[in-house]
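Structure first, then comments.
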Protein chains: 2
Amino acid sequence: MRFMTKIRTERRADALSKERIVEAAIAILDQDGEGALTFRALAARLATGSGAIYWHVADKQDLLAAATDHVIAQVTAQVTTKAVKGATPQEAIRALALGVFDAIDAHPWVGGQLSRDPFQYAVLRILEGVGGQVQALGVPQQAQFNAATALMSFILGLAGQYAAGAEFHARGMDRTTALRAVAAKWAQLDPIEHPFVRQVAAVLPEHDDREQFLAGIDLILAGIESVR
Amino acid sequence: MRFMTKIRTERRADALSKERIVEAAIAILDQDGEGALTFRALAARLATGSGAIYWHVADKQDLLAAATDHVIAQVTAQVTTKAVKGATPQEAIRALALGVFDAIDAHPWVGGQLSRDPFQYAVLRILEGVGGQVQALGVPQQAQFNAATALMSFILGLAGQYAAGAEFHARGMDRTTALRAVAAKWAQLDPIEHPFVRQVAAVLPEHDDREQFLAGIDLILAGIESVR
DNA sequence: AGACTTATGGAACAACGTTCCAGTCTTATT
DNA sequence: AATAAGACTGGAACGTTGTTCCATAAGTCT
């Protein structure tokens, strides 16, 4: 919270710090879901009081943004160092997008947080990665903004949906049975008013989310190339 | 809450009903934002108690979904009746997407709600509209699912971002000055680590959201046509 | 007229984010 | 070594929220 003019010597091994708080928050989020992260639960896990946490963290939104950035930073770092050598821009974009997707798959709360605040640092990281590859793709300068933000919106949109879906089948139910339940409900809709949704319902339970996500990315990439 | 086997005679002119509750909720949401909708505020506006509201509405999520559906139903109804006559599928998709965009622009809370719950009825309405036009576009059956959901994800992604942005400049600040503030922050980022975001920052304050949104739609449409 | 369902409104509950504050520990200065 | 000043801690307390409970009224049916 304050700037430290001198080098900090360690207090104790279990001293509080933003990093330790964020890691504990991630552990709670991963283990028990988005609703389980409260300052009381966090304080209990860190064996302290809620007030102490506020010395290192501005508020809950700050905490969630830091946790999200912690996860996304690993993704962007890993992807950019691995994909730089001899990959086409298209491949790099696919790798980055899939990295984000897998991160959300492993930490569903990240999806919700990403889609909720477009100006947080984690989103900026992804936009930078996507934008750089859009440039490398040879898209003219005026079109780069629209191309990169379109990819971003698609990624964030699916992030939010996936996160909501994960929340939906929180306990016990796995993804397939949860989707089957939704599909069953959709299949009972009025055939005249909702023909397409009924057709989708048939495919929904056994579709591959990763494949669907990648297909969307490829669709946008094809669109970008067609207007290049 | 219960099924009514007989026709309901009216109680009083000011009798509570789900419709009246939803309309009051929309009025609060539009006037004072997402954070202002509480059951206490709602009860005060309807001159009743919070308990009475729960007779007509399951919980807050149900209320928000109903309010969102109220807004989106108007959009889909208006677009489908107007755009049917002599419009290409592409034009119909653009009209539908723009209708959703304008609805979110007029009611920013709709954007947040749409991106938060992908299985609510309002989303289903949009998917049906998009999907029908994707079929009309001549996309082969196996590809329809990916094409329609990609359009949906993009729309919902931008919906969430736009809603978050609207929340961001809640009081006094208009959109341009709010974006200028974000752009100023981005312009101060490290040029080596974030070259693209800095370039975006220059364009950000004076860009047109509607145009950006439409450009994304057209990009995906171009992608769909290129693989047709 | 009574019995039963539908509907109302206000009190009460548990949980949350956040603030406050009385202390304790660490470091720098005398 | 003593002391002052800041950094940090932990737990109590505050105000607000969604939701539940319940006594009671209004309407409907036999």
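So that the names make sense, note that chain A is the first sequence line, chain B the second, and so on, each numbered from 1.
Annotation for A:Glu23: atom CD counts as buried by contact number, over 12 foreign heavy atoms lying within 6.0 Å.
When only modelled atom types and interatomic distance are considered, A:Gln31 and A:Arg45 share a side-chain donor-acceptor pair under 3.5 Å. Using modelled atom types, one finds a donor on one side chain and an acceptor on the other under 3.5 Å when comparing A:Gln199 with B:Gln144.
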Look for any protein N or O under 3.5 Å of an N or O in nucleotides 18-22 of chain C and output each such pair with its distance, or none.
residue: C:dT18; atom: OP2; partner: A:Tyr54; partner atom: OH; Å: 3.0
residue: C:dT18; atom: OP2; partner: A:Lys60; partner atom: N; Å: 2.9
residue: C:dT18; atom: O5'; partner: A:Tyr54; partner atom: OH; Å: 3.2

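Annotation: ring-ring contact (aromatic ring centres under 6.0 Å, His included) contacts of A:Phe101 (sequence neighbours excluded): A:Tyr162, A:Phe213.
We find that NE2 of A:His56 is positioned 12 Å from P of D:dA7, with the value rounded to whole Å. At whole-Å resolution of the value, CH2 in B:Trp55 and C1' in D:dC22 are 13 Å apart. Atom CG in B:Leu16 sits about 19 Å away from atom P in D:dA25, given to the nearest Å. When rounded to the nearest whole Å, the span between CD1 of B:Ile21 and P of C:dA7 equals 11 Å. Across the protein-nucleic acid pair, B:Ile53 atom CD1 and C:dT8 atom C1' stand 11 Å apart, rounded to whole Å.
If you check every strand for non-hydrogen atoms under 4.0 Å, A:Leu42 touches nothing. A:Leu37 comes within 4.0 angstrom of the backbone, heavy atoms only, and of no base.
Screening B:Leu151, B:Leu158, B:Leu156 for a side chain to side chain contact (heavy atoms under 4.5 Å, CB included) with B:Phe154, the sole residue that qualifies is B:Leu158.
With respect to the salt-bridge test (charged N to carboxylate O, under 4.0 angstrom), the residues A:Arg180 and A:Asp174 do not qualify.
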